[in-house]
Every structure is written in C-alpha cells, then in structure tokens.
Amino acid sequence: MTSVSKVFMASDHAGLELKNHLKSVLESSGRVVEDLGAHTTESVDYPDFGASMGAALTNDQSACGILVCRTGIGISIAANRFSHIRAAVCHDETTARLARLHNDANVLCLGDRVVGRQTAQDCVSVFLETDFEGGRHQRRVDKLTAIGA
C-alpha cells in the first residue's frame with residue numbers, strides 16, 4: 001500500500017476529534033484524503049460510516065480507509081459487512097503492520113478512547129507504509145474474500 005493514492009476517512013461523533021487530527025497530519029504530508037463524515041459532534045450512528053467506507057472503496061479499490069469510533073470495534077464490524085473490506089482494529093504499530101503484512105487489511109480502525117494521538121499517528125504511518133506480504137497469506141485472504149461472496 002505504499003503507493004496508495006487516496007485515503008478515505010470516516011468517524012462517528014465519538015471519533016471526530018481523532019479523525020480530524022489524523023486527516024490534518026495526512027494532508028500535511030501530501031496524502032489525498034476524502035472525508036466521508038461525520039463533520040460535527042452531533043450524535044450519529046457508526047454503522048452509517050462503515051457503510052460509507054464500503055461504498056467508497058467499491059468505487060476505488062486502490063485506495064484505503066481509516067475509520068474511527070469510540071473503540072474502533074463497532075465501526076470495524078460495520079465495514080467488514082462488505083466482502084471487499086478487510087477492516088482491522090489496531091492498537092499499536094505491531095498490530096497495524098501485521099494487519100497489512102499478513103491480512104492485506106485495507107481499512108484501519110482506531111478507537112478514539114483507546115489509543116492516544118501519537119499511537120494513532122504511528123498506526124496510520126505503518127499501515128500506509130506496509131505492503132501485503134502475499135505468499136502463504138494470499139490463500140487465507142482469498143478464503144476471507146470467498147466467505148463474503
């Protein structure tokens with residue numbers, strides 16, 4: 001994913017602050033970011049933003065996504081309803097790296113109340129800089145894809 005041209009981002013109201021921070025960091029580093037919402041702290045439902053990510057990545061599968069909610073769990077469940085999404089909740093650089101390396105994750109999910117800003121930035125950085133290893137992991141990713149087909 002080192003050649004990712006676009007990053008889609010979304011959050012519910014609980015993840016808004018972290019999403020906006022990460023968006024700013026990515027844009028200042030030259031990444032193209034498309035913000036799918038939320039845009040205010042008014043209470044919204046995280047499944048809607050997981051669905052928005054699913055739709056966005058249907059149309060641009062060369063891109064990747066970053067989703068943020070209170071824990072990262074709910075929004076990852078919503079995103080993983082789509083067969084072309086492999087969303088991984090990550091809490092540190094190791095889980096973010098392995099999500100890409102072994103699982104070919106294309107959506108990073110973070111919890112605003114679980115990880116701090118610097119840890120979130122580190123997760124995003126390693127996620128975007130790590131390529132899928134393939135090899136023995138490819139057949140497993142193929143099986144994941146087949147489950148949703």
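Every value quoted in this text rests on a predicted model; they were computed, and no experiment measured them.
The existence of a salt bridge linking Asp112 and Arg70 is excluded, since no basic side-chain nitrogen approaches an acidic carboxylate oxygen closer than 4.0 Å.
Checked by atom type, the side-chain pair Ser125/Glu129 shows a donor-acceptor distance below 3.5 Å. Side-chain contact annotation: Asp92 with Thr95, donor-acceptor N/O pair under 3.5 Å present.
Within the structure, ring-ring contact (aromatic ring centres under 6.0 Å, His included) pairs that include any residue of residues 87-112 comprise His102-His137 (at least two apart or interchain).
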Please evaluate residues Glu133 and Arg97 with respect to the criterion salt bridge (charged side-chain N to carboxylate O under 4.0 Å, His left out), reporting the C-alpha separation (whole Å), side-chain torsions for both, the decisive distance (0.1 Å), and the verdict. CA-CA 11 Å; Glu133 188 174 60; Arg97 181 175 45 80; over 6 Å; no

Please test Asp12 against Leu67 for side-chain contact (heavy atoms from CB on, under 4.5 Å), starting from the C-alpha separation and ending with a verdict. CA-CA 9 Å; Asp12 65 359; Leu67 293 170; over 6 Å; no

Run Val141 and Lys143 through side-chain contact (heavy atoms from CB on, under 4.5 Å) and show every step you take. CA-CA 5 Å; Val141 171; Lys143 286 182 178 186; over 6 Å; no

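Shown here for Leu144 and Arg86, the closest heavy-atom pair between the two residues is CD1-CD, 4.5 Å. Between Ser76 and Ile73, the shortest heavy-atom distance links the atoms OG-O, 2.7 Å. The shortest heavy-atom contact between Ala63 and Lys6 is CB-O, 3.2 Å. Closest approach of Phe132 to Leu101, counting heavy atoms only: CD1-O, 3.3 Å. Nearest heavy atoms, Ala88 versus Ala99: CB-CB, 3.7 Å.
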Ignoring hydrogens and angles, write down the donor-acceptor pairs under 3.5 Å from the side chains of residues 38-57, residues two or more places apart or on other chains.
| from | atom 1 | to | atom 2 | distance (Å) |
| --- | --- | --- | --- | --- |
| Thr40 | OG1 | Glu42 | N | 3.2 |
| Ser52 | OG | Asp48 | O | 3.1 |

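By the 4.5 Å heavy-atom criterion applied to side chains, Val33 and Met9 are counted as neighbours. Contact of the Ile85 side chain with the Asn106 side chain is registered, since non-hydrogen atoms from C-beta on lie closer than 4.5 Å. Arg140 is not listed as a side-chain neighbour of Asp142, based on a closest heavy-atom distance of 4.5 Å or more.
Residues passing the side chain to side chain contact (heavy atoms under 4.5 Å, CB included) test with Val124, sequence neighbours excluded: Leu22, Leu26, Ile66, Leu108, Leu110, Leu128.
Within the model, atoms CG of Leu98 and SG of Cys90 stand 9.0 Å from one another, a figure rounded to the nearest 0.5 Å. The CD atom of Glu93 sits 11.0 Å away from atom CD of Gln121, with the distance rounded to the nearest 0.5 Å. The distance from the OG1 atom of Thr130 to the CG atom of Asp104 is 11.5 Å, given to the nearest 0.5 Å.
Atom CZ of Arg113 is surrounded by more than 12 heavy atoms from other residues, nucleotides or ligands within 6.0 Å. Open room surrounds CD on Glu17; 12 or fewer heavy atoms of other groups in view lie less than 6.0 Å from it.
Linking ILVMFWY residues whenever their side-chain heavy atoms come closer than 4.5 Å, directly or via other members, leaves Val126 and Val68 in distinct clusters.
With Ser28 contributing its side chain and Val25 its backbone, the two residues share a donor-acceptor pair below 3.5 Å.
Tested against Cys69, the residues Val89, Ile75, Val114 include a single side chain to side chain contact (heavy atoms under 4.5 Å, CB included) partner, Ile75.
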